[in-house]
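I have placed the structure first, in the form of structure tokens, so that the comments after it can refer back to it.
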Amino acid sequence: MVTINTPAVATHAGLLGLGAYRPSRVVPNSELVDRIESSDEWIRERSGIIERRYAGEDETVTTMATSAAIAALADAKVVATDIDLVILATFTHRYATPSAAAEVSAAIGAVNAAAVDVGAACAGFAYAVGLADAAVRAGTAKTVLVIGSEKISEVIDFDDRGTAFLFGDGAGAAVIGATTEQGVGPTVWGADGSQKDAIIMHPDTFTAGKEKTNSVLTMQGQTVFRWAISSMGDVCKRALDAAGVTPEDIKAFVPHQANMRITNSLVKNLGFPESVVIARDIESAGNTSAASIPLALDRLRQNGEVASGDLVLMIGFGAGLAFAAQVARLP
Ligand SMILES: CC(C)(COP(=O)(O)OP(=O)(O)OC[C@H]1O[C@@H](n2cnc3c(N)ncnc32)[C@H](O)[C@@H]1OP(=O)(O)O)[C@@H](O)C(=O)NCCC(=O)NCCS
């Protein structure tokens, strides 16, 4: 029998650098409340959101992803030509094909990279980190660029009381490559497609030969809320166990920024000691889906609340219903 070569493998993989991009337009609650008969107080109390950012006309999923990617490459001190795989998580790229990842690869000059988008909505970044870790250790890629980028302001129904205030735009990125010790814990992940209607984006118009327009996001808020608080704590515990660490070993908890009340419930459930920093980027970013974890990480680093070598616990969850969690060491 003819044998097939096994790729040269790296023993360990980890985060080498991080980057983020926040659009400049700040949108306070007061701008949104009239159309949904709401108030700044209600939104703050029920979601924790004070303001969010919306991308401008010239800011797209790919331009924001490109900016975040360039920042992550600089942070990692890696040149674009050394990237051999780009994984981009998004649900708001305007085109079903080609991928946003291919466009970003071209924009940054990652001419040696394979490129693929991941469709796991708010779990997308954590999914992509899991895939990148596995690719590096399996020898499929040496250096992977992982990006989460969303322009959710384009798919929101601004008259829908359950979603109009919740979401924001932005992008975050990480470079993942070979490290001397393992820097990413085993990814605990899953999906339950039987709940596909809980968060779904319906294309209003999808006519052959025409660009897709007026897609709007719909959500069964309470269903998602109950699912998150009843099952994501266990997923976090499994990710800690899989990594062989305890809540005391963690410097920061970085859950998907879906709703401050979900974060608070998970924090209580997990019983973190006071020393653990909790990411609360939702206050000023809203829910940015696949971008929320890297944006929240970036905020913690900018504020000096975490440092190189610290362990963080990340969990993404949302439409699918899909989830993914892992422990990672900061670059
Ligand atoms: C969307 C969300 C904030 C709504 O909060 P909620 O407490 O579930 O709100 P409900 O739909 O139960 O409504 C409660 C009350 O507030 C009112 N209400 C709903 N939306 C409102 C709004 N935007 N402003 C003011 N009042 C509102 C309702 O009419 C209802 O009033 P009533 O008690 O008099 O009937 C919440 O369900 C949520 O965050 N869910 C998870 C969403 C999420 O994480 N999605 C992304 C996952 S990736």
Side-chain angles (χ1 to χ4, degrees), residues 27-52 89-92 118-128 148-153 155-170 172 189-193 195-201 216-233 235-236 254-267 269 279-283 285-296 314-325:
V27 178
N29 291 336
S30 58
E31 236 185 81
L32 304 172
V33 293
D34 287 353
R35 282 177 71 168
I36 52 172
E37 290 175 57
S38 190
S39 67
D40 179 41
E41 297 72 47
W42 192 92
I43 294 172
R44 285 183 194 225
E45 192 189 305
R46 304 305 286 175
S47 71
I49 299 167
I50 298 169
E51 61 190 28
R52 73 287 291 140
T90 186
F91 78 96
T92 48
V118 164
C122 304
F125 184 80
Y127 259 75
S149 182
E150 303 285 9
K151 189 171 180 180
I152 310 179
S153 61
V155 299
I156 291 174
D157 174 357
F158 286 101
D159 295 314
D160 177 2
R161 300 182 95 196
T163 55
F165 62 91
L166 210 52
F167 297 95
D169 302 336
W189 53 6
D192 176 7
Q195 302 210 61
K196 74 175 174 59
D197 292 326
I199 310 175
I200 192 161
M201 197 163 86
V216 292
L217 181 70
T218 60
M219 180 180 77
Q220 297 164 8
Q222 285 194 9
T223 303
V224 180
F225 192 92
R226 279 197 295 268
W227 167 73
I229 64 168
S230 64
S231 50
M232 292 304 102
V235 174
C236 288
V254 190
H256 166 50
Q257 304 290 292
N259 182 316
M260 193 72 89
R261 290 188 294 138
I262 293 176
T263 296
N264 290 343
S265 167
L266 291 177
V267 168
N269 177 340
R280 298 189 185 282
D281 194 40
I282 192 165
E283 288 176 341
N287 177 342
T288 56
S289 192
S292 89
I293 290 175
L295 280 172
M314 309 186 282
I315 178 166
F317 52 86
L321 293 173
F323 60 85

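Hydrogens, waters and symmetry mates are skipped; everything else that's a heavy atom, side chains included, is used. Residues take their numbers from the sequence shown, with the count starting at 1. Small disclaimer: the values here were computed from a predicted structure and weren't measured. Remember, it's 1-based here, ligands and their atoms both numbered in the order they're listed.
- When heavy-atom distances to ligand 1 are checked against a 4.0 Å cut-off, Thr163 has no atom that comes that close, whether in backbone or side chain.
- Those atoms of ligand 1 that come under 4.0 Å of a heavy atom in Phe317, given as number and element, are 48 (S).
- Checked for salt-bridge contact, Asp159 and Arg35 meet the test: a charged N lies under 4.0 Å from a carboxylate O.
- Looking only at distances, a side-chain donor or acceptor of Arg261 sits under 3.5 Å from a matching main-chain atom of Arg46.
- With a 4.0 Å cut-off on non-hydrogen atoms, Ser38 touches ligand 1 through its backbone as well as its side chain.
- Atoms of ligand 1 found under 4.0 Å from any heavy atom of Gly318, numbered from 1 in the order shown, are 48 (S).
- Of the protein's heavy atoms, Gln222 NE2, 3.6 Å lies nearest to atom 10 (P) of ligand 1.
- The side chain of Phe165, and not its backbone, has at least one atom closer than 4.0 Å to an atom of ligand 1 (non-hydrogen atoms only; side chain from C-beta on).
- Glu150 and Thr92 are linked by a side-chain donor-acceptor pair at a separation below 3.5 angstrom, with hydrogens and angles left out of the test.
- Contact atoms of ligand 1 toward His256: 48 (S) (distance under 4.0 Å to a heavy atom of the residue).
- Residue-level proximity to ligand 1 for Asn287 is carried by the side chain, the only part with a heavy atom below 4.0 angstrom.
- Taking only nitrogen or oxygen atoms, main chain and side chain alike, Asn259 reaches within less than 3.5 Å of ligand 1.
- Summarising the geometry of Phe91 relative to Leu217, their closest heavy-atom pair is CE1-CD1, 3.9 Å, with the distance given to 0.1 Å.
- Ligand 1 is approached by Gly162 to a heavy-atom distance shorter than 4.0 Å.
- Distances from atom 40 (N) of ligand 1 to the heavy atoms of Ala319, Ser39, Ala198, Gly221 show the closest one on Gly221.
- Considering backbone and side-chain atoms alike, Arg161 places an N or O below 3.5 Å from some N or O of ligand 1.
- In this structure, Trp227 and Phe317 have perpendicular ring planes: the angle between them is above 60°, well past the 30° mark.
- Numbered from 1 in the order shown, with element, the atoms of ligand 1 that lie under 4.0 Å from a heavy atom of Cys122 read 48 (S).
- Near Ile262, with a cut-off below 4.0 Å to any heavy atom, the atoms of ligand 1 are 44 (O).
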